**Student:** 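Below is a structure I'd like to ask you about.
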Protein chains: 2
Amino acid sequence: MSGKISVLLVDDHAVVRTGFKTYLELSEKIGAVFESDRCESACRLYELHQPDVVVMDLSMPGIGGFETIRRLLIRDPHCKILVFSIHDELIYVARAIKAGVKGYLVKNSDPELLITAVTGIAAGGTFVAPALAQKLAMSATDEVLQEQRIKQLTPREFDIFCLLAKGKSTREVADQLFVSHKTVCNNSTTIKDKLGIKTLSELALLANRHGIVKEVEGR
Amino acid sequence: MSGKISVLLVDDHAVVRTGFKTYLELSEKIGAVFESDRCESACRLYELHQPDVVVMDLSMPGIGGFETIRRLLIRDPHCKILVFSIHDELIYVARAIKAGVKGYLVKNSDPELLITAVTGIAAGGTFVAPALAQKLAMSATDEVLQEQRIKQLTPREFDIFCLLAKGKSTREVADQLFVSHKTVCNNSTTIKDKLGIKTLSELALLANRHGIVKEVEGR
DNA sequence: ATTTGATCGGGAATTATTCCCGTATGATGC
DNA sequence: GCATCATACGGGAATAATTCCCGATCAAAT
(Lines give C-alpha, C1' and ligand atoms only; values in the text may rest on other atoms or scores of the structure.)
Protein backbone atom coordinates (compact mmCIF):
# COMPACT_ATOMS: atom_id res chain seq x y z
CA MET A 1 0.00 0.00 0.00
CA SER A 2 1.96 2.93 -1.25
CA GLY A 3 0.51 6.35 -1.99
CA LYS A 4 -3.16 6.94 -1.45
CA ILE A 5 -5.55 4.51 0.16
CA SER A 6 -8.10 2.84 -2.07
CA VAL A 7 -11.45 1.85 -0.61
CA LEU A 8 -14.26 -0.45 -1.67
CA LEU A 9 -17.66 0.56 -0.28
CA VAL A 10 -20.22 -2.23 -0.04
CA ASP A 11 -23.68 -1.11 1.03
CA ASP A 12 -27.05 -1.59 -0.58
CA HIS A 13 -28.08 1.94 0.41
CA ALA A 14 -26.92 4.33 -2.26
CA VAL A 15 -27.43 7.21 0.12
CA VAL A 16 -25.06 5.74 2.66
CA ARG A 17 -22.43 5.04 0.03
CA THR A 18 -22.63 8.58 -1.24
CA GLY A 19 -22.41 10.00 2.24
CA PHE A 20 -19.45 7.87 3.17
CA LYS A 21 -17.72 8.64 -0.10
CA THR A 22 -18.14 12.35 0.54
CA TYR A 23 -16.28 12.05 3.82
CA LEU A 24 -13.57 9.88 2.35
CA GLU A 25 -12.93 12.39 -0.37
CA LEU A 26 -12.32 15.07 2.24
CA SER A 27 -9.13 13.30 3.22
CA GLU A 28 -6.14 13.64 0.94
CA LYS A 29 -4.87 10.31 2.18
CA ILE A 30 -7.61 8.52 0.36
CA GLY A 31 -7.58 7.96 -3.37
CA ALA A 32 -9.85 5.73 -5.39
CA VAL A 33 -13.24 4.80 -3.96
CA PHE A 34 -15.10 1.91 -5.54
CA GLU A 35 -18.71 1.10 -4.82
CA SER A 36 -20.88 -1.97 -4.78
CA ASP A 37 -24.45 -2.49 -3.71
CA ARG A 38 -24.37 -6.23 -3.37
CA CYS A 39 -22.22 -8.98 -2.03
CA GLU A 40 -21.67 -10.88 -5.22
CA SER A 41 -20.22 -8.00 -7.16
CA ALA A 42 -18.20 -6.94 -4.13
CA CYS A 43 -16.04 -10.04 -4.44
CA ARG A 44 -15.45 -9.38 -8.13
CA LEU A 45 -14.59 -5.75 -7.52
CA TYR A 46 -12.23 -6.74 -4.77
CA GLU A 47 -10.25 -9.01 -7.06
CA LEU A 48 -10.31 -6.43 -9.80
CA HIS A 49 -9.12 -3.41 -7.84
CA GLN A 50 -7.44 -4.93 -4.78
CA PRO A 51 -8.53 -2.04 -2.56
CA ASP A 52 -6.64 -1.40 0.65
CA VAL A 53 -9.79 -1.37 2.75
CA VAL A 54 -13.30 -2.78 2.32
CA VAL A 55 -16.04 -0.89 4.13
CA MET A 56 -19.10 -3.08 4.42
CA ASP A 57 -22.65 -3.06 5.69
CA LEU A 58 -23.80 -6.24 7.39
CA SER A 59 -27.47 -6.36 6.53
CA MET A 60 -27.75 -6.69 2.81
CA PRO A 61 -30.10 -8.57 0.55
CA GLY A 62 -28.79 -11.78 -0.95
CA ILE A 63 -26.10 -13.70 0.82
CA GLY A 64 -25.67 -11.07 3.52
CA GLY A 65 -22.68 -9.35 5.02
CA PHE A 66 -21.28 -12.17 7.11
CA GLU A 67 -21.17 -14.56 4.21
CA THR A 68 -19.49 -11.88 2.11
CA ILE A 69 -16.87 -11.39 4.77
CA ARG A 70 -16.23 -15.10 4.77
CA ARG A 71 -15.87 -15.23 1.00
CA LEU A 72 -13.59 -12.23 0.85
CA LEU A 73 -11.33 -13.70 3.49
CA ILE A 74 -11.15 -17.02 1.69
CA ARG A 75 -9.98 -15.25 -1.44
CA ASP A 76 -7.56 -13.07 0.46
CA PRO A 77 -6.88 -13.81 4.13
CA HIS A 78 -5.21 -10.44 4.47
CA CYS A 79 -8.22 -8.56 3.23
CA LYS A 80 -8.85 -5.56 5.51
CA ILE A 81 -12.54 -5.24 6.25
CA LEU A 82 -14.24 -2.48 8.21
CA VAL A 83 -17.85 -3.18 9.12
CA PHE A 84 -20.16 -0.16 9.02
CA SER A 85 -23.47 -1.24 10.47
CA ILE A 86 -26.54 0.15 12.16
CA HIS A 87 -26.35 -2.66 14.68
CA ASP A 88 -24.68 -1.78 17.94
CA GLU A 89 -25.65 -5.04 19.58
CA LEU A 90 -22.58 -6.74 20.90
CA ILE A 91 -23.51 -10.00 19.29
CA TYR A 92 -23.00 -8.50 15.84
CA VAL A 93 -19.69 -7.00 16.77
CA ALA A 94 -18.52 -10.26 18.29
CA ARG A 95 -19.56 -12.24 15.24
CA ALA A 96 -17.94 -9.83 12.85
CA ILE A 97 -14.69 -9.78 14.72
CA LYS A 98 -14.75 -13.53 15.01
CA ALA A 99 -15.26 -13.66 11.27
CA GLY A 100 -12.01 -11.77 10.92
CA VAL A 101 -12.84 -8.15 10.24
CA LYS A 102 -10.37 -5.44 11.20
CA GLY A 103 -12.85 -2.89 12.45
CA TYR A 104 -16.42 -2.18 13.43
CA LEU A 105 -18.20 1.17 13.22
CA VAL A 106 -21.83 1.97 13.87
CA LYS A 107 -23.60 4.14 11.34
CA ASN A 108 -24.30 7.00 13.67
CA SER A 109 -20.64 7.43 14.46
CA ASP A 110 -19.04 10.81 14.32
CA PRO A 111 -17.93 11.31 10.69
CA GLU A 112 -14.37 11.99 11.77
CA LEU A 113 -14.16 8.46 13.05
CA LEU A 114 -14.79 7.14 9.57
CA ILE A 115 -11.56 8.57 8.28
CA THR A 116 -9.68 7.57 11.41
CA ALA A 117 -10.93 4.02 11.11
CA VAL A 118 -10.23 3.66 7.41
CA THR A 119 -6.72 5.09 7.57
CA GLY A 120 -5.94 3.18 10.74
CA ILE A 121 -7.01 -0.09 9.22
CA ALA A 122 -5.22 0.62 5.96
CA ALA A 123 -2.06 1.07 8.03
CA GLY A 124 -2.52 -2.44 9.37
CA GLY A 125 -4.31 -1.57 12.60
CA THR A 126 -7.71 -2.41 13.97
CA PHE A 127 -10.56 -0.14 14.95
CA VAL A 128 -13.62 -0.73 17.05
CA ALA A 129 -15.99 2.11 17.85
CA PRO A 130 -15.23 3.38 21.36
CA ALA A 131 -18.70 2.66 22.73
CA LEU A 132 -18.57 -0.86 21.40
CA ALA A 133 -15.05 -1.45 22.62
CA GLN A 134 -16.23 -0.63 26.10
CA LYS A 135 -19.07 -3.06 25.79
CA LEU A 136 -16.72 -5.70 24.48
CA ALA A 137 -14.36 -5.11 27.34
CA MET A 138 -16.94 -6.17 29.86
CA SER A 139 -17.41 -9.26 27.79
CA ALA A 140 -19.18 -12.39 28.91
CA THR A 141 -22.32 -10.34 28.48
CA ASP A 142 -25.77 -11.84 28.22
CA GLU A 143 -25.77 -12.07 24.46
CA VAL A 144 -22.42 -13.74 24.26
CA LEU A 145 -23.28 -15.98 27.14
CA GLN A 146 -26.44 -17.08 25.39
CA GLU A 147 -24.49 -17.71 22.22
CA GLN A 148 -22.26 -20.03 24.19
CA ARG A 149 -25.25 -21.72 25.70
CA ILE A 150 -26.89 -22.30 22.36
CA LYS A 151 -23.72 -24.04 21.28
CA GLN A 152 -24.27 -26.57 24.06
CA LEU A 153 -27.37 -27.89 22.36
CA THR A 154 -27.00 -31.17 20.51
CA PRO A 155 -27.86 -31.05 16.79
CA ARG A 156 -31.25 -32.56 17.40
CA GLU A 157 -31.96 -30.20 20.26
CA PHE A 158 -31.03 -27.32 18.04
CA ASP A 159 -33.54 -28.43 15.43
CA ILE A 160 -36.24 -28.59 18.03
CA PHE A 161 -35.10 -25.28 19.43
CA CYS A 162 -35.56 -23.69 16.00
CA LEU A 163 -39.06 -25.03 15.59
CA LEU A 164 -40.12 -24.02 19.07
CA ALA A 165 -38.61 -20.61 18.39
CA LYS A 166 -41.20 -20.06 15.69
CA GLY A 167 -43.96 -20.31 18.24
CA LYS A 168 -44.92 -23.88 17.47
CA SER A 169 -46.26 -26.05 20.27
CA THR A 170 -44.37 -29.10 21.47
CA ARG A 171 -47.11 -31.18 19.88
CA GLU A 172 -46.71 -29.54 16.48
CA VAL A 173 -42.97 -30.03 16.62
CA ALA A 174 -43.47 -33.70 17.47
CA ASP A 175 -45.79 -34.11 14.48
CA GLN A 176 -43.39 -32.37 12.17
CA LEU A 177 -40.40 -34.43 13.27
CA PHE A 178 -42.33 -37.72 13.53
CA VAL A 179 -41.35 -38.34 17.11
CA SER A 180 -43.37 -38.78 20.25
CA HIS A 181 -44.81 -35.75 21.93
CA LYS A 182 -43.13 -36.95 25.08
CA THR A 183 -39.75 -36.77 23.41
CA VAL A 184 -40.23 -33.18 22.43
CA CYS A 185 -41.41 -32.36 25.93
CA ASN A 186 -38.31 -33.92 27.36
CA ASN A 187 -36.11 -32.17 24.85
CA SER A 188 -37.86 -28.91 25.50
CA THR A 189 -37.09 -29.24 29.19
CA THR A 190 -33.44 -29.95 28.48
CA ILE A 191 -33.16 -27.06 26.07
CA LYS A 192 -34.70 -24.56 28.45
CA ASP A 193 -32.40 -25.89 31.10
CA LYS A 194 -29.29 -25.46 28.98
CA LEU A 195 -30.32 -21.98 27.95
CA GLY A 196 -31.17 -20.95 31.48
CA ILE A 197 -34.73 -19.95 30.71
CA LYS A 198 -38.09 -21.04 32.04
CA THR A 199 -40.67 -20.52 29.31
CA LEU A 200 -41.00 -21.30 25.64
CA SER A 201 -41.81 -17.65 25.07
CA GLU A 202 -38.41 -16.69 26.33
CA LEU A 203 -36.97 -19.25 23.98
CA ALA A 204 -38.78 -17.67 21.05
CA LEU A 205 -37.64 -14.19 22.00
CA LEU A 206 -34.08 -15.31 22.57
CA ALA A 207 -33.89 -17.00 19.19
CA ASN A 208 -35.40 -13.94 17.63
CA ARG A 209 -32.78 -11.65 19.13
CA HIS A 210 -30.05 -13.91 17.87
CA GLY A 211 -31.54 -14.07 14.42
CA ILE A 212 -31.68 -17.84 14.42
CA VAL A 213 -33.65 -19.01 11.45
CA LYS A 214 -32.60 -22.49 10.47
CA GLU A 215 -35.26 -24.40 8.56
CA VAL A 216 -35.91 -27.94 9.71
CA GLU A 217 -37.74 -30.67 7.85
CA GLY A 218 -39.26 -33.86 9.07
CA ARG A 219 -37.14 -36.89 8.39
CA MET B 1 -43.48 27.93 -1.57
CA SER B 2 -42.03 30.04 -4.30
CA GLY B 3 -38.59 29.59 -5.80
CA LYS B 4 -36.41 26.77 -4.58
CA ILE B 5 -37.47 24.02 -2.25
CA SER B 6 -36.03 24.05 1.25
CA VAL B 7 -35.53 20.77 3.06
CA LEU B 8 -34.94 19.76 6.66
CA LEU B 9 -33.09 16.46 7.05
CA VAL B 10 -33.61 14.66 10.33
CA ASP B 11 -31.47 11.57 10.80
CA ASP B 12 -29.08 10.57 13.52
CA HIS B 13 -26.69 9.09 10.97
CA ALA B 14 -24.42 11.83 9.71
CA VAL B 15 -23.44 9.65 6.79
CA VAL B 16 -27.01 9.30 5.64
CA ARG B 17 -27.62 13.02 5.95
CA THR B 18 -24.55 13.81 3.92
CA GLY B 19 -25.48 11.30 1.25
CA PHE B 20 -29.02 12.58 0.97
CA LYS B 21 -27.83 16.15 0.90
CA THR B 22 -25.47 15.34 -1.94
CA TYR B 23 -28.36 14.08 -4.04
CA LEU B 24 -30.57 17.01 -3.15
CA GLU B 25 -27.89 19.44 -4.23
CA LEU B 26 -27.80 17.82 -7.65
CA SER B 27 -31.24 19.21 -8.34
CA GLU B 28 -31.53 22.89 -9.14
CA LYS B 29 -35.07 22.86 -7.80
CA ILE B 30 -33.78 22.45 -4.31
CA GLY B 31 -32.29 25.28 -2.31
CA ALA B 32 -31.46 25.34 1.35
CA VAL B 33 -30.91 22.06 3.17
CA PHE B 34 -30.98 22.09 6.95
CA GLU B 35 -29.87 19.19 9.07
CA SER B 36 -30.69 17.80 12.46
CA ASP B 37 -29.57 14.66 14.22
CA ARG B 38 -32.25 14.52 16.85
CA CYS B 39 -35.93 14.94 17.28
CA GLU B 40 -35.90 17.77 19.76
CA SER B 41 -33.84 20.13 17.67
CA ALA B 42 -35.79 19.15 14.59
CA CYS B 43 -38.88 20.85 15.95
CA ARG B 44 -36.92 24.01 16.72
CA LEU B 45 -35.31 24.06 13.29
CA TYR B 46 -38.67 23.55 11.67
CA GLU B 47 -40.13 26.60 13.34
CA LEU B 48 -37.02 28.60 12.59
CA HIS B 49 -36.66 27.84 8.90
CA GLN B 50 -40.14 26.67 7.90
CA PRO B 51 -38.75 24.22 5.34
CA ASP B 52 -41.00 23.04 2.55
CA VAL B 53 -40.28 19.39 3.23
CA VAL B 54 -39.03 17.45 6.23
CA VAL B 55 -37.15 14.23 5.46
CA MET B 56 -37.05 12.05 8.52
CA ASP B 57 -35.70 8.75 9.76
CA LEU B 58 -37.99 6.77 12.04
CA SER B 59 -35.59 5.02 14.35
CA MET B 60 -33.77 7.63 16.32
CA PRO B 61 -32.58 7.84 19.87
CA GLY B 62 -34.66 9.89 22.26
CA ILE B 63 -38.33 10.38 21.58
CA GLY B 64 -38.17 8.56 18.25
CA GLY B 65 -39.47 9.34 14.82
CA PHE B 66 -43.17 8.77 15.35
CA GLU B 67 -43.34 11.08 18.30
CA THR B 68 -41.44 13.70 16.32
CA ILE B 69 -43.93 13.40 13.49
CA ARG B 70 -46.75 13.90 15.96
CA ARG B 71 -45.14 16.97 17.47
CA LEU B 72 -44.34 18.53 14.12
CA LEU B 73 -47.91 18.05 12.96
CA ILE B 74 -49.29 19.58 16.13
CA ARG B 75 -47.20 22.69 15.53
CA ASP B 76 -48.08 22.81 11.84
CA PRO B 77 -50.79 20.51 10.53
CA HIS B 78 -49.67 21.28 6.99
CA CYS B 79 -46.12 20.20 7.62
CA LYS B 80 -44.96 18.00 4.75
CA ILE B 81 -43.05 15.00 6.05
CA LEU B 82 -41.27 12.36 4.02
CA VAL B 83 -40.17 9.32 5.98
CA PHE B 84 -36.85 7.82 4.94
CA SER B 85 -36.46 4.58 6.81
CA ILE B 86 -34.69 1.25 6.62
CA HIS B 87 -37.93 -0.46 7.55
CA ASP B 88 -39.93 -1.84 4.69
CA GLU B 89 -42.39 -3.65 6.91
CA LEU B 90 -45.90 -2.61 6.12
CA ILE B 91 -46.69 -1.94 9.71
CA TYR B 92 -44.24 0.96 9.79
CA VAL B 93 -45.55 2.40 6.57
CA ALA B 94 -49.12 2.11 7.77
CA ARG B 95 -48.32 3.77 11.07
CA ALA B 96 -46.40 6.58 9.46
CA ILE B 97 -49.14 7.30 6.97
CA LYS B 98 -51.74 7.13 9.70
CA ALA B 99 -49.63 9.61 11.65
CA GLY B 100 -50.01 11.98 8.71
CA VAL B 101 -46.80 11.87 6.70
CA LYS B 102 -46.89 12.73 3.02
CA GLY B 103 -44.48 10.10 1.82
CA TYR B 104 -42.49 7.00 2.68
CA LEU B 105 -39.18 5.92 1.16
CA VAL B 106 -36.96 3.03 2.11
CA LYS B 107 -33.28 3.72 2.45
CA ASN B 108 -32.17 1.47 -0.34
CA SER B 109 -34.34 3.29 -2.85
CA ASP B 110 -32.95 4.37 -6.17
CA PRO B 111 -31.41 7.81 -5.55
CA GLU B 112 -33.49 9.33 -8.33
CA LEU B 113 -36.57 8.57 -6.29
CA LEU B 114 -35.33 10.80 -3.52
CA ILE B 115 -35.55 13.89 -5.69
CA THR B 116 -38.82 12.77 -7.20
CA ALA B 117 -40.30 12.24 -3.78
CA VAL B 118 -39.07 15.49 -2.31
CA THR B 119 -40.17 17.66 -5.22
CA GLY B 120 -43.47 15.82 -5.51
CA ILE B 121 -44.25 16.32 -1.87
CA ALA B 122 -43.13 19.94 -1.94
CA ALA B 123 -45.64 20.46 -4.75
CA GLY B 124 -48.37 19.22 -2.46
CA GLY B 125 -48.40 15.61 -3.55
CA THR B 126 -47.77 12.35 -1.80
CA PHE B 127 -45.18 9.69 -2.45
CA VAL B 128 -44.93 6.11 -1.35
CA ALA B 129 -42.15 3.87 -2.61
CA PRO B 130 -43.52 1.70 -5.43
CA ALA B 131 -42.75 -1.60 -3.73
CA LEU B 132 -44.47 -0.45 -0.56
CA ALA B 133 -47.44 0.96 -2.42
CA GLN B 134 -48.02 -2.45 -3.89
CA LYS B 135 -47.88 -4.04 -0.50
CA LEU B 136 -50.25 -1.43 0.85
CA ALA B 137 -52.63 -2.04 -2.00
CA MET B 138 -53.21 -5.59 -0.97
CA SER B 139 -54.06 -4.30 2.44
CA ALA B 140 -55.82 -6.27 5.15
CA THR B 141 -52.54 -8.07 5.45
CA ASP B 142 -51.57 -10.14 8.44
CA GLU B 143 -49.82 -7.31 10.22
CA VAL B 144 -52.72 -4.96 9.85
CA LEU B 145 -55.16 -7.67 10.80
CA GLN B 146 -53.21 -8.39 13.95
CA GLU B 147 -53.15 -4.70 14.77
CA GLN B 148 -56.94 -4.73 14.62
CA ARG B 149 -57.09 -7.81 16.77
CA ILE B 150 -54.84 -6.31 19.41
CA LYS B 151 -57.26 -3.42 19.60
CA GLN B 152 -59.97 -5.84 20.68
CA LEU B 153 -58.18 -6.52 23.93
CA THR B 154 -59.58 -4.83 27.01
CA PRO B 155 -57.14 -2.56 28.86
CA ARG B 156 -56.45 -5.17 31.45
CA GLU B 157 -55.98 -7.85 28.84
CA PHE B 158 -53.53 -5.61 27.06
CA ASP B 159 -51.49 -5.19 30.22
CA ILE B 160 -51.32 -8.93 30.64
CA PHE B 161 -50.54 -9.31 26.96
CA CYS B 162 -47.53 -7.02 27.36
CA LEU B 163 -46.17 -8.95 30.31
CA LEU B 164 -46.66 -12.30 28.65
CA ALA B 165 -44.99 -10.86 25.56
CA LYS B 166 -41.79 -10.48 27.54
CA GLY B 167 -41.66 -14.20 28.05
CA LYS B 168 -42.98 -14.16 31.59
CA SER B 169 -44.99 -17.13 32.79
CA THR B 170 -48.65 -16.79 33.72
CA ARG B 171 -47.59 -17.28 37.31
CA GLU B 172 -45.06 -14.46 37.22
CA VAL B 173 -47.62 -12.16 35.69
CA ALA B 174 -50.10 -13.06 38.40
CA ASP B 175 -47.54 -12.26 41.07
CA GLN B 176 -46.63 -8.98 39.48
CA LEU B 177 -50.24 -7.85 39.12
CA PHE B 178 -51.37 -9.21 42.50
CA VAL B 179 -54.13 -11.33 41.04
CA SER B 180 -54.80 -15.03 41.12
CA HIS B 181 -52.89 -17.30 38.83
CA LYS B 182 -56.22 -18.60 37.64
CA THR B 183 -57.21 -15.17 36.48
CA VAL B 184 -54.13 -14.78 34.37
CA CYS B 185 -54.69 -18.24 32.92
CA ASN B 186 -58.21 -17.31 31.99
CA ASN B 187 -57.09 -14.01 30.56
CA SER B 188 -54.32 -15.69 28.67
CA THR B 189 -56.83 -18.00 27.04
CA THR B 190 -59.06 -15.10 26.06
CA ILE B 191 -56.15 -13.12 24.67
CA LYS B 192 -54.83 -15.97 22.54
CA ASP B 193 -58.37 -16.49 21.35
CA LYS B 194 -58.82 -12.87 20.34
CA LEU B 195 -55.47 -12.81 18.59
CA GLY B 196 -56.11 -16.07 16.80
CA ILE B 197 -53.01 -17.80 18.13
CA LYS B 198 -52.43 -20.94 20.11
CA THR B 199 -49.22 -20.55 22.11
CA LEU B 200 -47.68 -17.96 24.35
CA SER B 201 -44.58 -18.08 22.19
CA GLU B 202 -46.58 -16.87 19.24
CA LEU B 203 -47.86 -14.11 21.44
CA ALA B 204 -44.34 -13.06 22.32
CA LEU B 205 -43.22 -13.11 18.70
CA LEU B 206 -46.28 -11.24 17.55
CA ALA B 207 -45.81 -8.50 20.12
CA ASN B 208 -42.17 -8.33 19.18
CA ARG B 209 -42.95 -7.82 15.50
CA HIS B 210 -45.35 -5.05 16.37
CA GLY B 211 -42.87 -3.39 18.65
CA ILE B 212 -45.24 -3.40 21.59
CA VAL B 213 -43.37 -2.35 24.68
CA LYS B 214 -45.75 -0.88 27.22
CA GLU B 215 -44.47 -1.09 30.77
CA VAL B 216 -46.93 -2.35 33.33
CA GLU B 217 -46.67 -2.03 37.10
CA GLY B 218 -48.40 -3.88 39.83
CA ARG B 219 -51.20 -1.89 41.41
C1' DA C 1 -14.93 -54.34 23.53
C1' DT C 2 -16.19 -50.64 26.09
C1' DT C 3 -17.23 -46.09 26.79
C1' DT C 4 -19.44 -41.95 25.53
C1' DG C 5 -22.86 -39.03 23.68
C1' DA C 6 -27.05 -38.60 21.33
C1' DT C 7 -31.70 -39.86 20.49
C1' DC C 8 -36.03 -41.69 21.69
C1' DG C 9 -39.82 -42.54 24.71
C1' DG C 10 -42.53 -44.86 28.87
C1' DG C 11 -44.62 -44.22 33.78
C1' DA C 12 -46.13 -41.53 37.44
C1' DA C 13 -46.34 -37.26 39.66
C1' DT C 14 -46.86 -32.57 39.15
C1' DT C 15 -48.28 -28.39 37.07
C1' DA C 16 -50.66 -25.61 33.61
C1' DT C 17 -54.59 -24.69 31.06
C1' DT C 18 -59.24 -24.85 29.70
C1' DC C 19 -64.15 -24.45 30.13
C1' DC C 20 -67.98 -23.13 32.58
C1' DC C 21 -69.61 -20.87 36.26
C1' DG C 22 -70.74 -16.92 39.48
C1' DT C 23 -69.59 -12.41 41.77
C1' DA C 24 -68.39 -7.51 41.89
C1' DT C 25 -67.91 -2.95 40.06
C1' DG C 26 -68.44 1.07 37.36
C1' DA C 27 -70.28 3.29 33.31
C1' DT C 28 -74.22 4.15 30.33
C1' DG C 29 -78.97 4.65 29.05
C1' DC C 30 -83.87 4.99 30.12
C1' DG D 1 -83.30 4.87 40.57
C1' DC D 2 -82.80 0.68 37.97
C1' DA D 3 -81.63 -2.25 34.18
C1' DT D 4 -77.91 -3.28 31.20
C1' DC D 5 -73.42 -4.04 29.63
C1' DA D 6 -68.52 -4.42 29.59
C1' DT D 7 -64.85 -5.46 32.49
C1' DA D 8 -62.24 -7.71 36.11
C1' DC D 9 -61.71 -11.44 39.15
C1' DG D 10 -61.43 -16.16 40.46
C1' DG D 11 -63.36 -21.05 41.97
C1' DG D 12 -64.19 -26.14 40.58
C1' DA D 13 -63.48 -29.97 37.83
C1' DA D 14 -61.79 -31.90 33.71
C1' DT D 15 -58.14 -32.04 30.58
C1' DA D 16 -53.62 -31.26 28.72
C1' DA D 17 -48.80 -30.18 29.24
C1' DT D 18 -44.61 -30.78 31.60
C1' DT D 19 -41.32 -32.70 34.64
C1' DC D 20 -38.40 -36.19 36.61
C1' DC D 21 -36.50 -40.51 36.49
C1' DC D 22 -35.76 -44.37 34.10
C1' DG D 23 -34.18 -47.65 30.42
C1' DA D 24 -33.38 -48.86 25.31
C1' DT D 25 -30.93 -48.14 21.13
C1' DC D 26 -27.36 -46.77 18.04
C1' DA D 27 -23.10 -44.76 16.20
C1' DA D 28 -18.67 -43.03 16.84
C1' DA D 29 -14.57 -42.86 19.45
C1' DT D 30 -10.99 -45.05 22.43
Side-chain angles (χ1 to χ4, degrees), chain A residues 146-208 212 214-219, chain B residues 146-208 212 214-219:
Chain A
Q146 289 295 4
E147 195 88 335
Q148 287 310 108
R149 285 174 166 170
I150 290 173
K151 287 220 187 84
Q152 294 200 329
L153 300 180
T154 69
R156 189 54 159 175
E157 283 168 352
F158 186 70
D159 288 348
I160 291 166
F161 168 80
C162 290
L163 292 171
L164 291 174
K166 293 183 182 171
K168 290 180 196 278
S169 66
T170 48
R171 189 143 268 147
E172 286 170 327
V173 173
D175 287 349
Q176 182 165 344
L177 297 181
F178 301 105
V179 294
S180 154
H181 178 220
K182 283 299 309 284
T183 300
V184 178
C185 280
N186 285 330
N187 281 319
S188 160
T189 303
T190 314
I191 293 168
K192 284 185 287 182
D193 217 41
K194 285 186 179 177
L195 298 181
I197 56 180
K198 291 204 298 294
T199 68
L200 287 180
S201 304
E202 287 178 281
L203 187 154
L205 293 172
L206 187 156
N208 210 54
I212 290 163
K214 184 186 166 195
E215 293 297 327
V216 179
E217 290 118 59
R219 57 177 161 201
Chain B
Q146 289 295 4
E147 196 89 334
Q148 287 310 108
R149 285 176 166 169
I150 290 173
K151 287 219 188 86
Q152 294 200 329
L153 300 179
T154 67
R156 189 54 161 174
E157 282 167 351
F158 185 70
D159 288 348
I160 291 167
F161 169 81
C162 290
L163 291 172
L164 291 174
K166 292 183 183 172
K168 289 179 196 280
S169 66
T170 47
R171 188 144 269 144
E172 285 170 327
V173 173
D175 287 349
Q176 181 164 346
L177 297 181
F178 301 103
V179 294
S180 155
H181 178 220
K182 285 298 309 282
T183 300
V184 178
C185 280
N186 285 331
N187 281 321
S188 160
T189 304
T190 314
I191 291 168
K192 285 186 285 181
D193 217 42
K194 285 186 179 178
L195 298 182
I197 56 180
K198 293 205 296 294
T199 68
L200 286 180
S201 305
E202 287 179 280
L203 188 153
L205 293 172
L206 187 156
N208 209 55
I212 290 163
K214 185 185 166 195
E215 292 298 327
V216 178
E217 290 118 59
R219 55 176 161 201

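Every chain is numbered from 1, with letters handed out A, B, ... down the list of sequences. What you see is a predicted model, and the numbers here were worked out from it, not measured in a lab.
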**Student:** Along nucleotides 24-30 of chain D, 5' to 3', which nucleotides get a B, which get an S, and which get a -, given that the test is a protein heavy-atom distance under 4.0 Å?
**Tutor:** -------
**Student:** Would you check if B:I150 and B:L206 make a side-chain contact, meaning some heavy-atom pair closer than 4.5 Å?
**Tutor:**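 B:I150 vs B:L206: side chains touch.
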**Student:** C:dT17, OP1 or OP2 - any side-chain N/O from B:T170 closer than 4.0 Å?
**Tutor:**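 True: B:T170 side-chain N/O within range (under 4.0 Å) of C:dT17 OP1/OP2.
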**Student:** Mind calculating the distance between CG (A:D159) and P (C:dA6) to the nearest angstrom?
**Tutor:**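 Interatomic distance, CG of A:D159 to P of C:dA6: 14 Å.
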**Student:** Taking all atoms of both residues into account, what is the closest heavy-atom pair of A:C185 and A:T170, and its distance?
**Tutor:**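 In terms of heavy atoms, the two residues are closest at SG-OG1, 4.2 Å.
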**Student:** Taking only the side-chain heavy atoms of A:L200 (C-beta and beyond), determine which of C:dT17, D:dT18, C:dG10 contains the nearest atom.
**Tutor:**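 Among C:dT17, D:dT18, C:dG10, the one nearest the side chain of A:L200 is D:dT18.
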**Student:** Between A:E202 (side chain only) and A:T199 (backbone N and O only), is there a donor and an acceptor less than 3.5 Å apart?
**Tutor:**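 Yes, because the side chain of A:E202 sits within donor-acceptor range (under 3.5 Å) of the backbone of A:T199.
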**Student:** Sequence neighbours left out, what passes side chain to side chain donor-acceptor pair (under 3.5 Å) with A:S201? Give chain and number order.
**Tutor:**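 None.
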**Student:** I'd like to check the salt bridge (Lys or Arg N to Asp or Glu O under 4.0 Å) partners of B:E172; sequence neighbours left out, ordered by chain and number.
**Tutor:**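 In terms of salt bridge (Lys or Arg N to Asp or Glu O under 4.0 Å), with neighbours along the sequence ignored, B:E172 is linked to A:K198.
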**Student:** For residues 183-197 of chain A, which residue pairs qualify under side-chain hydrogen bond (donor to acceptor under 3.5 Å, both in side chains), counting only residues two or more places apart or in two chains?
**Tutor:**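 Output for this query lists A:E157-A:K194.
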**Student:** Could you state the NZ-C1' distance from A:K182 to C:dT7, rounded to the nearest angstrom?
**Tutor:**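 A:K182 atom NZ is separated from C:dT7 atom C1' by 15 Å.
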**Student:** Would you call A:V173 and A:D159 a side-chain contact if the rule is heavy atoms closer than 4.5 Å?
**Tutor:**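 A:V173 vs A:D159: side chains apart.
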**Student:** Contact list please: residues 184-196 of chain A against DNA chain C, heavy atoms, distance less than 4.0 Å, in numerical order.
**Tutor:**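 The stretch gives A:N186 as the residues lying under 4.0 Å from the strand, ordered by number.
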**Student:** What is the distance, to the nearest angstrom, from the CD1 atom on B:I160 to the P atom on D:dC9?
**Tutor:**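 Nearest whole value for this atom pair: 7 Å.
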**Student:** In whole angstroms, how far is the P atom of D:dT18 from the CD1 atom of A:I197?
**Tutor:**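 About 13 Å, once rounded to whole Å.
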**Student:** Looking only at the side chain of A:V179 (C-beta and beyond, no hydrogens), which of the listed nucleotides D:dT7, C:dC8, C:dT7 gets closest?
**Tutor:**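 Closest nucleotide among those given: C:dC8.
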**Student:** By side chain to side chain contact (heavy atoms under 4.5 Å, CB included), which residues pair with A:L203, not counting sequence neighbours?
**Tutor:**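 Partners of A:L203 under the side chain to side chain contact (heavy atoms under 4.5 Å, CB included) test: A:F161, A:L164, A:A165, A:I191, A:I197, A:L200.
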**Student:** Work out which heavy atom in B:A174 is nearest to a heavy atom in B:H181; give both atom names and the distance.
**Tutor:**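 Distance-wise, the nearest heavy atoms are CB-CA, 3.7 Å.
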**Student:** Rounded to the nearest Å, what distance is computed from the CZ atom of residue A:F178 to the P atom of nucleotide C:dT7?
**Tutor:**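 After rounding, the reported distance stands at 18 Å.
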**Student:** Taking the side chain of B:T154 as heavy atoms from C-beta outward, which of C:dT7, D:dA8, C:dG9 is closest to it?
**Tutor:**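 Closest nucleotide to the B:T154 side chain: D:dA8.
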**Student:** In this structure, how many angstroms lie between the C1' atom of C:dG9 and the CD atom of A:E157, rounded?
**Tutor:**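 Taking CD of A:E157 and C1' of C:dG9, I get 15 Å after rounding.
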**Student:** Quick one: which of D:dC9, C:dT17, C:dA6 gets closest to the side chain of B:T183?
**Tutor:**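 Looking only at side-chain atoms, B:T183 lies closest to D:dC9.
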**Student:** Please state how far atom CZ in A:F161 lies from atom C1' in C:dA6, giving the value in whole angstrom units.
**Tutor:**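 Going from CZ in A:F161 over to C1' in C:dA6 covers 19 Å.
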